[in-house]
Amino acid sequence: MDGDFLPSLTDEIRFVRVLWTDNANVIRAKAIHRRALANYTKHGVGITAASQAMPAMYDAVIPESGLGPIGEIRLVPDFATLTPLPYAPGHARVMGDLVLDGEPWTLCPRGFLRRIAADAALDGFEVMAGFENEFFLLRPTPDGGVAPADDTVFAATLSMDLARPVIDDIVEALLAQNVPVELYYPESGPGQHELSATYTTLTQAADWQVVFRETVHACAARHGLKASFLPKVYADKAGCGCHLHLSLWKDGKNIFPDPAGPGGLSETARSFLAGVLEHLPALAAVVAPSPNSYRRLQPHFWSGAYRCWGLDNREAAARVPSCPTGNGSTHFELKTVDATSNPYLAAGCVVAAGLDGIRRKLTLSPPVQVDPGSLTDAELAERNIDALPANLGEAIKRLAVDKVVTDALGPGLAKSFLAVRQAEWDAMKDYQLDDEVRLLLERY
Ligand SMILES: NC(=O)CC[C@H](N)C(=O)O
C-alpha cells in the first residue's frame with residue numbers, strides 16, 4: 001500500500017501518528033503531516049534504536065540493553081491499520097513496524113508477535129486471542145492527587161449511570177476504530193470498569209490492546225478524568241487485570257473443545273495450557289512486568305496468583321470458562337496478565353510457551369477446584385501448586401534462565417527486555433505503593 005490510501009484520508013486529517021510500543025510498554029508515536037506523508041510511506045520515519053532501551057521511569061538509555069546513541073531504525077506505517085482518531089480531531093493513527101535495513105528489526109515487539117504467529121502456523125495452528133481490560137476512572141483532587149470517580153461495587157447499575165457519559169464515549173470511539181466491543185460492566189474496585197471486545201487474530205488482538213489503552217486515556221481526559229490501567233492503585237481494593245484469552249484453530253475450526261476431555265479441553269489444548277503453566281514463572285516477567293504488578297498478584301483478589309488451572313476458578317492463574325452449550329471449553333483465560341505488559345511481547349511469549357507444551361506433548365495436571373488461597377502450604381505442595389514469583393526481581397531471574405521463552409524472543413530482544421526490566425526493579429524495589437502510583441499512574 002504505497003500511497004494508494006492517500007485519497008481515503010479526508011481533508012480534515014492533519015497528522016498521521018505512527019505508533020510503536022517499547023520494552024516498558026509505553027505507547028509512543030511520531031506524527032507525519034499529511035502534506036509530507038508520501039515521503040514516508042515506504043521507508044517510514046527514523047527513530048533511534050535506543051527507543052527500545054527506555055524504562056518506565058524516565059527517558060534514559062539502559063546501557064545493559066546493548067543499545068546506545070548510535071543506530072537508526074525505520075518506523076514504517078502499516079497502512080492496513082489506518083484509522084482517524086475519534087477523540088483527536090485532525091489526527092489519524094497507524095501501527096508502525098520497526099525495520100532495519102529493509103527487514104523486520106529483531107527487537108520490534110510487533111514483528112516478534114508476527115514471528116510467533118508464523119511459528120504457530122508452521123505447526124498448523126492459528127491462534128485467536130483477546131485482551132480483557134479493567135481500568136480505573138479517577139477524578140483530580142484539589143491537592144494535585146486523584147480519587148476514584150465513584151465508590152460503587154461490582155456491576156452496580158449506579159456506577160453504570162454515573163460513568164455513562166465517559167463509557168459511552170469510549171465505546172463509540174472504539175467502534176469507530178473497528179474494535180468490536182462486546183461486554184461492559186463496572187468492576188468491584190472503586191471507579192473500576194471492564195470493557196471487552198471480540199477475540200481476533202494474535203497480532204490484531206495486540207493492536208486492539210494498544211488502541212484500547214489509547215482510547216480509554218484520551219476519552220477520560222475529555223471528561224476531565226484520568227484513566228489508569230496500573231495493576232494496583234489501592235492496596236486493599238481490587239487491582240486491574242488484563243486477562244489474555246487464547247484458543248487454537250485449525251482449518252477455521254476451534255480445536256480447543258472436547259466434551260470428553262478433562263475440563264472440556266482437547267489433548268492439544270491441554271498440552272498447550274500445560275506449556276503455559278510450566279513456563280509461567282518466567283512468563284511473569286513479561287505478562288506482569290512492573291514492580292507494581294506483584295502487589296496485584298495476591299491471594300483472594302481473583303488475580304491469578306497461583307500457578308494452576310481450574311474450571312471456572314477465578315483464583316487460578318488459568319481459568320477455563322465452562323461452555324453453556326456443554327460442547328467442551330472453547331478457550332482459557334490467563335488471569336496473571338496486566339496492562340503494564342507490552343501486548344505483543346506478552347501474547348507472543350505465552351503462545352511460545354504453549355507451543356512448547358504441544359511439541360513436548362506435556363500432560364496437564366488435574367484442575368484445581370478449590371480456592372488455592374485457602375490451602376495450607378502442605379496441601380499446595382501435595383497438589384503441585386506454587387505461588388508465582390514474589391516480585392519482579394524473582395521473575396526476571398526465572399525469565400533469564402528459561403531457554404524456551406528467551407529463545408522465542410531472540411537474543412537481542414531478550415537482552416534489551418531483561419535489561420529494561422532489571423533497571424525498573426533496581427529503581428523501584430524499595431518503593432512504597434504511593435511512590436509507584438505517583439510515578440506510574442499516568443504511564444499505564
Ligand atoms: N472478576 C474478576 O475476575 C476480577 C479480576 C481482578 N480484578 C484482577 O485483578 O485480575
Side-chain angles (χ1 to χ4, degrees), residues 25 129-138 148-156 159-160 163 182-197 209 212-213 216 227-246 276 280 283-284 286-322 329 331-341 343 346-347 350 368-374 387-392 395 433 436-437 440-441 444:
N25 194 28
F131 288 93
E132 173 202 312
N133 287 276
E134 295 166 312
F135 56 89
F136 282 109
L137 289 177
L138 305 158
D150 66 55
D151 193 14
T152 58
V153 289
F154 168 68
S159 178
M160 282 190 182
E182 271 197 4
L183 269 182
Y184 159 63
Y185 53 90
E187 257 296 352
S188 66
Q192 194 185 32
H193 299 267
E194 174 171 321
L195 260 174
S196 48
Q209 172 62 7
F212 191 89
R213 266 179 70 209
V216 170
S228 185
F229 294 77
L230 196 63
K232 202 72 169 178
V233 179
Y234 303 105
D236 54 345
K237 308 275 186 191
C240 290
C242 172
H243 308 162
L244 174 59
H245 295 253
L246 288 172
V276 173
L280 196 55
L283 292 172
V286 187
V287 304
S290 172
N292 180 267
S293 301
Y294 295 82
R295 296 188 193 274
R296 167 180 166 258
L297 296 177
Q298 300 296 331
H300 312 307
F301 283 97
W302 296 15
S303 59
Y306 288 92
R307 178 153 67 130
C308 60
W309 73 283
L311 195 63
D312 296 326
N313 188 342
R314 286 185 164 79
E315 280 290 337
R319 175 178 72 106
V320 174
S322 54
S329 303
H331 69 285
F332 76 93
E333 168 194 52
L334 188 63
K335 290 180 74 76
T336 314
V337 186
D338 70 55
T340 62
S341 59
V350 171
V368 170
Q369 296 306 121
V370 291
D371 177 354
S374 69
L388 291 175
N391 56 51
L392 178 59
L433 175 59
E436 284 168 15
V437 170
L440 300 174
L441 189 79
Y444 301 109

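Counting starts at 1 for both ligands and their atoms, in listed order. Quick caveat, the model's predicted, so the values are computed rather than measured.
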In ligand 1, which numbered atoms sit nearer than 4.0 Å to a non-hydrogen atom of [X]?
X	result
Phe301	6 (C)
His243	3 (O), 5 (C), 8 (C), 10 (O)
Gly241	8 (C), 9 (O), 10 (O)

Residue portion contacting ligand 1 (non-hydrogen atoms closer than 4.0 Å) for Glu187: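 The side chain, only.
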Phe154, portion touching ligand 1 at heavy-atom distance under 4.0 Å: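 It is neither; nothing of Phe154 touches ligand 1.
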A side-chain contact here means heavy atoms from C-beta on lying under 4.5 Å apart; do [X] and [Y] qualify?
X	Y	value
Glu436	Arg295	yes
Tyr444	Arg213	yes
Tyr294	Leu392	yes
Asn313	Pro372	yes
Gln209	Asn133	yes
Thr340	Cys242	no

Residue selection (non-hydrogen contact nearest atom 9 (O) of ligand 1) among Arg296, Glu333, Lys232: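 Considering heavy atoms of Arg296, Glu333, Lys232, the nearest to atom 9 (O) of ligand 1 sits in Arg296.
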Pick from Glu134, Arg314, Lys237: the one approaching atom 4 (C) of ligand 1 most closely through a non-hydrogen atom: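 It is Glu134 that holds the nearest heavy atom.
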Ring-face cation of Lys232 near Phe301 (centre distance under 6.0 Å, axis angle within 45°):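 So Lys232 does make the cation-pi contact.
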Distance-only N or O hit between ligand 1 and Ala238, under 3.5 Å: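 Ala238 vs ligand 1: no N/O contact under 3.5 Å.
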Gln192 N/O to ligand 1 N/O under 3.5 Å: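 Not met; the criterion fails.
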Which residue and heavy atom of the protein sit nearest atom 3 (O) of ligand 1, plus the separation: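 Of every protein heavy atom, Lys335 NZ, 2.8 Å lies nearest to atom 3 (O) of ligand 1.
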